[in-house]
Amino acid sequence: MADVYVFGSNLAGRHGAGSALHARTYFGAQYGNGIGRQGNSYAIPTKDHELRVLPLHRIKKYVDDFLQYAIEHYYESFNVVEIGCGLAGYTPDQIAPLFRGHCGNVNLPERFKVILDK
């Protein structure tokens, strides 16, 4: 079983830059698919179909869906990058709380962990 790379995407699935391009190149993310499991990756949208940044309440819905998926796939390990903190322009202080209550098989970036441990 391989680790799953969890990255920020856009709803159009244009994995052309940042962690999305990395996911497409190395972890099987599918161009044109902006949500959910793809190969050894999992896409969490942070931008819409026109590549506009999604509001936090919309990103939270996708994070919640991912966290439920991780619970159901407890036998896999999910490595989350700092989604939304690159091209989408959010800060770790804004995104990390969306992952509060994550299960043990979800590995968060160090900056997210520090924020959640406060």
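Position 1 is the first residue of the sequence; numbering continues from there.
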Task: Closest non-hydrogen atom pair, Ala43 against Gly34 - done: CB-O, 3.4 Å
Task: For Gly8 against Val81, the heavy-atom pair lying closest together - done: N-CG2, 4.5 Å
TODO: Considering only NZ, NE, NH1 and NH2 on the basic side and carboxylate oxygens on the acidic side, decide whether Glu76 and Arg37 come within less than 4.0 Å.
DONE: yes
- [ ] Decide, yes or no, whether a salt bridge links Lys113 with Asp117 under the criterion of side-chain N to carboxylate O below 4.0 Å.
- [x] no
Any side-chain heavy atom of [X] within less than 4.5 Å of one from [Y]?
X      : Y      : value
Asn10  : Pro45  : no
Phe112 : Cys85  : yes
Tyr90  : Ile83  : no
Phe78  : Asn105 : yes
Lys118 : Asp93  : yes
Val4   : Asn79  : no
Val6   : Ile44  : yes
Leu67  : Cys103 : no

Please round to the nearest 0.5 Å and tell me the distance separating atom [atom1] of [X] and atom [atom2] of [Y].
X      : Y      : atom1 : atom2 : answer
Ser41  : Arg24  : OG    : CZ    : 11.5 Å
Glu82  : Arg111 : CD    : CZ    : 4.0 Å
Leu108 : His102 : CG    : NE2   : 4.0 Å
Arg100 : Leu116 : CZ    : CG    : 5.0 Å
Thr46  : Tyr62  : OG1   : OH    : 10.5 Å
Ser19  : Leu87  : OG    : CG    : 7.5 Å

- [ ] May I ask whether Phe27 and Tyr69 are part of the same hydrophobic cluster, defined by side-chain heavy atoms of I, L, V, M, F, W, Y residues being less than 4.5 angstrom apart, directly or through others?
- [x] yes
- [ ] Determine, using ring centers only, whether His22 and Phe7 are less than 6.0 Å apart.
- [x] no
Open item on the list: Would you say the rings of Tyr5 and Tyr42 are close, in the sense that their centroids are separated by under 6.0 Å?
Closed with: no
TODO: Examine the side chains of Gln94 and Thr91 and answer whether a donor and an acceptor come within less than 3.5 Å of each other.
DONE: yes
- [ ] Mark yes or no for whether Gln38, through its side chain, and Gln30, through its backbone, hold a donor-acceptor pair below 3.5 Å.
- [x] yes
- [ ] Can you label the angle between the His15 ring and the Tyr31 ring as parallel, tilted or perpendicular, going by 30° and 60°?
- [x] perpendicular
